[in-house]
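For the single chain, residues carry numbers from 1 onward in sequence order.
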Amino acid sequence: MWRSGCRARVLLRRPNGRTTSLGAWRWASTMACERALLRYRVGEKIHGFTVSQVTSVPELSLTAVKLSHDSTGAQHLHLAREDRNNLFSVQFRTTPMDSSGAPHVLEHTVLCGSQRYPCRDPFFKMLNRSLSTFMNAFTASDYTLYPFSTQNPKDFRNLLSVYLDAAFFPCLRELDFWQEGWRLEHEDPNDPQTPLVFKGVVFNEMKGAFTDNERMFSQHVQSHLLPDHTYSVVSGGDPLCIPDLTWEQLRQFHATHYHPSNARFFTYGNFPLEQHLKQIHEEALSKFQRIKPHTTVPAQKPWDKPREFQITCAPDSLAAGSSEQTTISVSFLLPDITDTFEAFTLSLLSSLLISGPNSPFYKALIESGLGTDFSPDVGYNGCTREAYFSVGLQGIAEKDIQTVQDLVDRTLDDIIEKGFEDDRIEALLHKIEIQMKHQSVSFGLALTSYVASCWNHDGDPVELLKLGSQVAQFRKCLEENPKFLQEKVKQYFKNNQHKLTLSMKPDDKYSEKQMQLEAEKLKQKVNSLSPEDKQQIYEKGLELQAQQSQPQDASCLPALKVSDIEPRIPFTEVEVALAAGDIPVQYCTQPTNGVVYFRAFSSLNTLPEELRPYVPLFCNVLTKLGCGALDYRELAQQVDLKTGGLAATPHVLPDDSHLDTYEQGVLFSSFCLDRNLPDMMHLWSEIFNNPCFEAEEHFRVLVKMTAQELSNGVPDAGHLYASIRAGRMLAPAGDLQETFGGMDQVRLMKRIAEMTDIKPILRKLPHIRKHLLNCDNFRCSVNATPQQMSQVENSVDNFLRTLSRSKKERKPAHPHVVEKPAPKGPGRHSPFTRKLVTDPTFKPCPLKTHFQLPFPVNYVAECIRTAPYAAPAHARCEGVGRRRDA
């Protein structure tokens, strides 16, 4: 999987708008952490490794142990933490000097079998033989990462064996290169009279990537801003250059880059470190000797004056405003990311500059009305050796390019003169504090991604994790010099000659030109073939087809036995009680590290049918338009100061026992430090009781941003949109899922964004509010520590008592609503019922649908109506699905 413009410092920021955070399980992270602190000593020898550092990181409840392998120089970082979801990763610095995609093709090809496990696709085969919670591989601009996680010790050892053998001893067969990289093959492999065409997994993947205008723009920013070395090329591969890669070059790239002397191992969790080191040494590292890898990325030579470039792209028929699809950004090269505190400071400064409606660039650019959203890759990017900052607009008219450039310059001047408000800085530091405490089930994966770029360039990953000391140093710098941040803006932006202005405008013939370039490349390749070459291609095509269709013997792969699996899963105790009279609240005591998690669900059963398509938009703007005495800027400030975020999302919950029954509603979610719980619940109370739906201009801004994000997301998530559409007519819930999250929603938002008069849409929001923001058919859940629970109960009860109630019961908009008791724990009765929508007359009607998309990539999905979750047949269907995937 290719990750273009991957973001470093992920621990310091919430995921972007297209991702959702995983549900969190918190751990009392003391046992493994304390054991490691007492157990390991600097200079100690363990299975061929030497301990070089043992450091407590209390803000993350872990102990970091750094080691190096004596004979190869391989580096190892172990983060001991009392977390059952243990993670392993190995990363290699991969620095290509051309765009043939060698790192990306190699990432795919090493997963096609190894010396010890020669079966085809051992990673996919392990899905049926493992309890892994994560398995994948990523190619970034200058490193390749192979991570997995699991909660089972035997499974960890099995997966580690497969990963080590794949990385260090892959088969790298020529047919696998043909399959995964690129090949010439007849359109019909069985008919040598059909034309020869380009095929290959990576070739096609990158053709898809290059149809995503956002990803293409981000790649060009990096390539033009850092032109002297590896960042000037496409690590994932340019489709026009991938056919220049040979099998021999791929094997050589593996030999020089996938060596222990160029490797960084990472382990995380509560499994014993000694076992990991023993297995890594015996199964891999003991078979190598130290080399000097020539993979270091040199510093980029600074420019003596700014540069400008223009590129073109395909027009986007899914985006609003066909005449306004130009993108422009201004980017500045920043210092080396291994300077940990400077990188930390500039990451914070970036957030102050662009995050939220109170930021200066939001006010100057987004609210100017010139464009639809920030340009791609906006903000601080720390995934290259030297970081960079970008800001700009997309969805502008070509004539406004200079205007945007002038706005960027004027905004920087204003910041240097006026600085930042103290409350904004405090809100940002609060966000860091709460994110240090808010730790999800995938915390190990977040950590390995967080340290990868800095460690890749020989920075200190442990210093990077010590966020508490960085915050303290940041505060000290501000106290000693109130203009600390203004001086950074002047140094790195105003006076920085290494400045790139990149603009991208649509070209109606762009796709046609790209196809012509590919056709010329194909013609060049075909014309260079002799009759013997063509015959060999035909025979190799048949051989590959036979190999792909042949059943594989996976008996060589390790597998879990029933005895290796815990016979029982841990049972989570919950208590359900009625608050504010009759509203059910679920309380769950957990070691949440001083954080309180609140969720609420409100039914949509009474909402009229004609208002349903607008529910996602209502949810998106509800917490962003202001409430009570707070305008939208003041509300955003309070949310950042007092919470980890407030969110509302439409929810369609299929029933676990009947395919034709579902629950519909909106999920409200938030979390905060325990000291801020009353403030968080007060904000929810104001949003529910006094939402603001009068800010027309800001509503228009939010609509344009939402429409742009949906349009930009289609190339990267086309398979998900296809799946939603394919399931539309297989169950009653499918139609609502398409309305809320399918292509219907993308096209609706495009129409709304193009409306000259947006008042009719704005007037719909109060009508939705009447059906949603009340305590009719409402329920909540709270997670907190036992010590916090008394305060939590009082705060939630006070909030619920402020909610309005309907004077008379509203009739459901759907004629068939059934009541079903909520799930209950062992020996307990359920104090409330859920109201579900059903359709006794529904008949599945499979339909074939085709959408014409504005890029040359096809996304195909097929959905089959099977069995509900609680049905005995569901497990069999799940097993069949897994076997087909493998």
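- Between the side chain of Q708 and the main chain of D373, no donor-acceptor pair closer than 3.5 Å is present.
- H698 places no side-chain N or O within donor-acceptor distance of the main-chain N or O of L625, the cut-off being under 3.5 Å.
- Ring pair W684/F598 is tilted by interplanar angle, where 30° to 60° counts as tilted.
- Using a 4.0 Å cut-off between charged side-chain N and carboxylate O, E433 and R475 make no salt bridge.
- T802 places a side-chain N or O within donor-acceptor distance of the main-chain N or O of F799, the cut-off being under 3.5 Å.
- The backbone N or O of L464 lies less than 3.5 Å from a partner atom in the side chain of Y450, making a donor-acceptor pair.
- Remark: side-chain polar atoms of S602 are not paired, donor with acceptor, to backbone N or O of V666 under 3.5 angstrom.
- Within 6.0 Å of CZ in R599 there are 12 or fewer heavy atoms belonging to other residues, nucleotides or ligands.
- For the side chain to side chain donor-acceptor pair (under 3.5 Å) test with R385, the passing option among T338, D142, D336 is D336; the others fail.
- A donor-acceptor contact closer than 3.5 angstrom links the side chains of N481 and E487.
- Considering R633, R700, K704 as possible partners of E367, the one that fulfils the salt bridge (Lys or Arg N to Asp or Glu O under 4.0 Å) test is R633.
- Remark: D422 CG is loosely packed, at most 12 non-hydrogen atoms of other residues, nucleotides or ligands lying under 6.0 Å away.
- To the nearest 0.5 Å, atom OG of residue S804 and atom CG of residue L773 are 8.0 Å apart.
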Do D797 and R801 pass the salt bridge (Lys or Arg N to Asp or Glu O under 4.0 Å) test, and can you show the C-alpha distance, the side-chain angles, and the key distance before you say yes or no?
CA-CA 6 Å; D797 188 76; R801 291 185 185 279; 2.7 Å; yes

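- Using modelled atom types and a 3.5 Å distance limit, the side chains of Y388 and H498 yield no donor-acceptor pair.
- No donor-acceptor contact under 3.5 angstrom links the side chains of N213 and Q394, judged on distance only.
- Note that CZ of R215 is 5.5 Å distant from CG of D716, once rounded to the nearest 0.5 Å.
- For the pair K476 and E479, the salt-bridge criterion is not met [side-chain N within less than 4.0 Å of a carboxylate O].
- Q405 and D409 are not linked by any side-chain donor-acceptor pair at a separation below 3.5 angstrom, with hydrogens and angles left out of the test.
- Checked by atom type and distance alone, the side chain of S685 never pairs as donor or acceptor with a backbone atom of M681 at under 3.5 Å.
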Give the C-alpha distance, both sets of side-chain angles, the deciding distance and a yes or no for salt bridge (Lys or Arg N to Asp or Glu O under 4.0 Å) between K750 and E754.
CA-CA 6 Å; K750 178 180 186 294; E754 291 174 335; 3.0 Å; yes

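- For K483, the NZ atom sits in a loose shell: 12 or fewer heavy atoms of surrounding residues, nucleotides or ligands are nearer than 6.0 Å.
- With 3.5 Å as the limit, one finds no donor-acceptor pair spanning the side chains of S329 and S390.
- Residues M436 and G468 come closest through the heavy atom pair SD-N, 4.2 Å.
- Judged by distance alone, the side chain of H438 and the main-chain N or O of I434 form no donor-acceptor pair under 3.5 Å.
- Checked by atom type, the side-chain pair Q222/T384 shows no donor-acceptor distance below 3.5 Å.
- Proximity of a side-chain donor or acceptor of E634 to a complementary backbone N or O of D631 within less than 3.5 Å is detected.
- Taking all atoms of both residues into account, the shortest heavy-atom contact from E421 to Q637 is OE1-NE2, 4.3 Å.
- Side-chain atoms of Q791 and S795 include no donor-acceptor pair closer than 3.5 Å.
- Within 6.0 Å of NE2 in H682 there are 12 or fewer heavy atoms belonging to other residues, nucleotides or ligands.
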